[in-house]
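Below is one structure; the comments refer to it alone.
Below, all heavy atoms of this structure are taken into account, side chains as well, without hydrogens, waters or symmetry copies. Remember, it's a predicted structure, so these values are computed and weren't measured experimentally.
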Amino acid sequence: ETVGGEETLGELTQTFIGDTTRLLSDLGRDLEAGRTSEVRRHAHTLKSTAASFGASELSELCRRLEDLAREGSLDGGHLLLAEIEAAFVRARTELIPGSA
């Protein structure tokens, strides 16, 4: 039974990593294009998902980007995105050692 639980967690982790990689790509495109509502939506999704995996630094940075976009501004968004990407690499390494 435990092995099944670990496989499920591994699958969830892989899904999280794949989804986050895709969302970060979408976030970068939407940020570049100035699509504030899409940036807010993607940041919100990432914030919630990161929190559910215990990636609190990643979640907090996504919250900051979400708040920025909610205020209708993307000023500083590229710097935040760079921080988010770095936090994701750290979270991924913690979830799957050797994945850096």
Name every donor-acceptor pair, under 3.5 Å, that has one atom in a side chain of residues 62-71 and the other anywhere in the protein, sequence neighbours excluded.
from: R63; atom 1: NE; to: E60; atom 2: OE1; distance (Å): 3.1
from: R63; atom 1: NE; to: E60; atom 2: OE2; distance (Å): 3.4
from: R63; atom 1: NH1; to: D67; atom 2: OD2; distance (Å): 2.4
from: R63; atom 1: NH2; to: E60; atom 2: OE2; distance (Å): 2.5
from: E66; atom 1: OE1; to: K47; atom 2: NZ; distance (Å): 2.9
from: E66; atom 1: OE2; to: H44; atom 2: ND1; distance (Å): 2.8
from: E66; atom 1: OE2; to: R70; atom 2: NH2; distance (Å): 3.0
from: D67; atom 1: OD1; to: R70; atom 2: NH1; distance (Å): 3.0

Minimum heavy-atom distance between A87 and L61, given as atom pair plus value =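 A87 and L61 have their closest heavy atoms at CB-CD1, 3.7 Å.
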Out of curiosity, R41 CZ to L23 CG, how far, rounded to the nearest 0.5 Å?
->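 If we round to the nearest 0.5 Å, R41:CZ and L23:CG are 8.5 Å apart.
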Which side chain to side chain donor-acceptor pair (under 3.5 Å) pairs, counting each pair once, include a residue from residues 74-89, with sequence neighbours left out?
-> E32-H78
Pairs meeting criterion side chain to side chain donor-acceptor pair (under 3.5 Å) with involvement of residues 18-31, two or more places apart =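 Pairs touching residues 18-31 that pass the test: S25-R29, D26-R29, D30-R35, D30-H42.
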Can you name the residues that form a side chain to side chain contact (heavy atoms under 4.5 Å, CB included) with A91, not counting sequence neighbours?
-> A55
Kindly write out the residues that satisfy side chain to side chain contact (heavy atoms under 4.5 Å, CB included) with T13, not counting sequence neighbours, or none if the list is empty.
->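 Once residues adjacent in sequence are excluded, the partners of T13 under the side chain to side chain contact (heavy atoms under 4.5 Å, CB included) criterion are L9, I17, F53, L95, I96.
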L24 versus L46: any side-chain heavy-atom pair under 4.5 Å?
-> yes
Pairing residues for E57 by the side-chain hydrogen bond (donor to acceptor under 3.5 Å, both in side chains) criterion, not counting sequence neighbours = R90
